[in-house]
There are 2 protein chains.
Amino acid sequence: MTLIPPPMPGVPGRKAVISREDLIAAALKLVGPHRSVSSLSLREVAREAGIAPNSFYRHFRDMDELAIALIDQAGRSLRHLIGEARHRATAERSVVRSSVEAFMEQLSADEKLLHILLREGNVGSDAFKQAVERELRFFEDELCVDLVRLAEAHGTGIHEPALVAKAITRLIFTMGATAMDLPRERHAEVAEQMVVMLRMIIVGTQTMARHGVPANDIAGPPREDRQA
Amino acid sequence: MTLIPPPMPGVPGRKAVISREDLIAAALKLVGPHRSVSSLSLREVAREAGIAPNSFYRHFRDMDELAIALIDQAGRSLRHLIGEARHRATAERSVVRSSVEAFMEQLSADEKLLHILLREGNVGSDAFKQAVERELRFFEDELCVDLVRLAEAHGTGIHEPALVAKAITRLIFTMGATAMDLPRERHAEVAEQMVVMLRMIIVGTQTMARHGVPANDIAGPPREDRQA
DNA sequence: CACTTGTCTATACAACTGTATATTAATTCT
DNA sequence: AGAATTAATATACAGTTGTATAGACAAGTG
């Protein structure tokens with residue numbers, strides 16, 4: 001999706017002095033901790049890219065369309081990152097730790113793209129939100145098959161793997177979002193918190209797979225409909 | 001904070017035909033799934049409230065100030081809600097289930113206020129974000145003392161209660177935010193997912209308290225620095 | 001060459017924004 | 001009654017926004 005037409009030499013017309021990617025880059029330069037994508041104006045992006053406002057329409061119909069392209073790119077970047085993290089993980093260290101570390105690492109380096117994916121899934125148009133949701137679900141699905149595979153390999157059970165994946169994903173993303181407002185030196189601390197949280201979830205799902213799911217938690221009295 | 005001056009009879013001047021609360025209400029009428037607080041304009045709110053644009057300044061200095069007042073109100077509403085949920089919980093059912101149910105219930109009823117708290121903590125000015133963060137932390141702290149108290153009462157251990165509270169809070173809030181985009185009839189399903197997720201965390205923290213924390217998870221090889 | 005085609009720019013317009021200034025209206029105090 | 005004080009308004013202005021229209025430039029075609 002959002003493919004660039006290949007540079008066939010047989011097409012008439014003027015040589016494009018600017019490309020979609022240039023516009024995306026210009027938009028990226030403008031977003032930041034205080035500037036959300038949905039608050040960018042068409043003219044602003046055009047100005048940053050050094051073109052006339054109307055030239056924008058040659059590449060995108062809307063700012064919304066640009067935003068979705070941005071999300072796509074952020075998603076690709078994230079998927080690449082996670083792929084690498086997974087590769088590193090199975091070799092030496094735990095998935096949890098190395099994934100979290102890779103995530104936080106990317107958070108510092110590639111800040112803007114992650115920013116978009118993390119924080120702006122809640123505002124904006126429907127198309128915008130769906131695009132973010134799609135990337136989240138992608139992340140989630142990959143994590144799910146990973147979890148199942150690892151659980152089988154290690155002989156540990158896993159209760160409701162899909163929900164485990166969902167919980168972990170959402171947790172990583174929100175924690176990452178809040179980490180972005182913190183000074184760089186506190187990122188390691190947040191990463192450590194994330195690792196502990198994820199371990200709790202994993203220990204929980206394993207215990208529940210081993211001993212059966214409890215019908216109530218620490219707060220409630222025993223219930224009658226507890227499963228045998 | 002944001003106190004109304006008491007109606008002393010001894011102050012000259014014209015009777016105020018509109019109050020801060022009316023402006024807040026007008027702003028609330030405007031926000032929705034497609035309209036974020038930070039995208040509201042001063043004139044728009046004034047128009048909705050039926051006053052001249054400049055009259056806005058009699059009550060707030062900024063739209064930002066209005067936004068923070070909105071967050072305060074949403075926070076109060078949420079705290080009230082949680083207080084009730086906790087009251088109900090200790091009596092008959094589990095904290096987890098009844099809290100989640102109360103949360104989702106409020107989500108449907110009082111949609112707008114929760115909306116603001118849930119979705120808009122990531123965009124907007126610093127003051128805005130800090131206000132949301134403050135409310136989140138409040139929620140978190142209350143939950144933490146609850147967890148510790150319950151763990152003691154039931155004789156179950158609890159590992160890193162503060163982190164448990166944080167994880168649960170963030171999870172509830174993000175899941176709640178995504179639920180708001182779903183049709184009403186799927187809310188129960190999301191609530192069920194949330195309950196399972198939270199139980200995993202609680203079972204996890206209990207197991208870790210009982211058996212000691214694992215030095216690595218299901219994916220990694222044993223590490224040497226494992227705690228005795 | 002003229003011709004078409006696609007890219008970009010210039011100008012323009014109506015709508016909207018936040019806010020400054022000045023004026024009017026309502027209420028209480030003396 | 002009149003003076004004082006405060007809320008609300010009307011008008012106005014400069015800036016920004018999205019976009020419509022029309023024209024200029026460059027590259028390929030016949």
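At least one donor-acceptor pair closer than 3.5 Å links the side chain of B:Glu120 to the backbone N or O of B:Val37.
Looking only at atom types and distance, the side chain of A:Ser39 has a donor-acceptor partner in the side chain of A:Arg35 under 3.5 Å away.
Rounding to whole angstrom units, CD1 of residue A:Ile51 and C1' of C:dT7 are separated by 10 Å.
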Between protein and nucleic acid, restricted to nucleotides 14-21 of chain C and to nitrogen or oxygen atoms under 3.5 Å apart, what atom pairs and distances do you find?
residue : atom : partner : partner atom : Å
C:dT17  : OP1  : B:Ser41 : OG           : 2.8
C:dT17  : OP2  : B:Arg47 : NH2          : 2.7
C:dG18  : OP1  : B:Leu42 : N            : 2.7
C:dG18  : OP2  : B:Leu42 : N            : 3.2
C:dG18  : OP2  : B:Arg43 : N            : 3.0
C:dG18  : N7   : B:Arg43 : NH1          : 2.3
C:dG18  : O6   : B:Arg43 : NH1          : 2.8
C:dT19  : OP2  : B:Tyr57 : OH           : 2.7
C:dT19  : O5'  : B:Tyr57 : OH           : 3.1
C:dT19  : O4   : B:Arg43 : NH1          : 3.2
C:dA20  : N6   : B:Asn54 : ND2          : 2.2
C:dT21  : O4   : B:Asn54 : ND2          : 3.3

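The side-chain heavy atoms of A:Glu192 and A:Arg97, taken from C-beta on, include a pair separated by under 4.5 Å.
How far CG of B:Leu198 is from OG of B:Ser99: 8.5 Å, rounded to the nearest 0.5 Å. Rounding to the nearest 0.5 Å places CE of B:Met197 at 10.0 Å from CD1 of A:Ile168. Within the model, atoms CG of A:Leu163 and CD of B:Gln193 stand 5.0 Å from one another, a figure rounded to the nearest 0.5 Å.
In summary, B:Arg79 and B:Glu84 do not engage in a salt bridge, as defined by a charged side-chain N under 4.0 Å from a carboxylate O. The pair B:Lys129-B:Glu133 does not meet the salt-bridge criterion, since no charged nitrogen lies less than 4.0 angstrom from a carboxylate oxygen. With salt bridges taken as basic N to acidic carboxylate O contacts below 4.0 Å, one links A:Asp72 and A:Arg134.
Paired runs in DNA chain D that reach 3 or more consecutive Watson-Crick or G-U pairs, where each pair keeps both distances under 3.5 Å, cover C:1-5 with D:26-30, C:8-30 with D:1-23.
Ring pair B:Phe173/B:Phe139 is perpendicular by interplanar angle, where above 60° counts as perpendicular and below 30° as parallel.
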How does protein contact run along nucleotides 1-7 of chain D, one letter per nucleotide 5' to 3', with B for base contact, S for sugar-phosphate only, - for none, heavy atoms under 4.0 Å?
-> ----BBB

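Look at B:Ser55 and you'll find a side-chain N or O under 4.0 angstrom from OP1 or OP2 of D:dT9.
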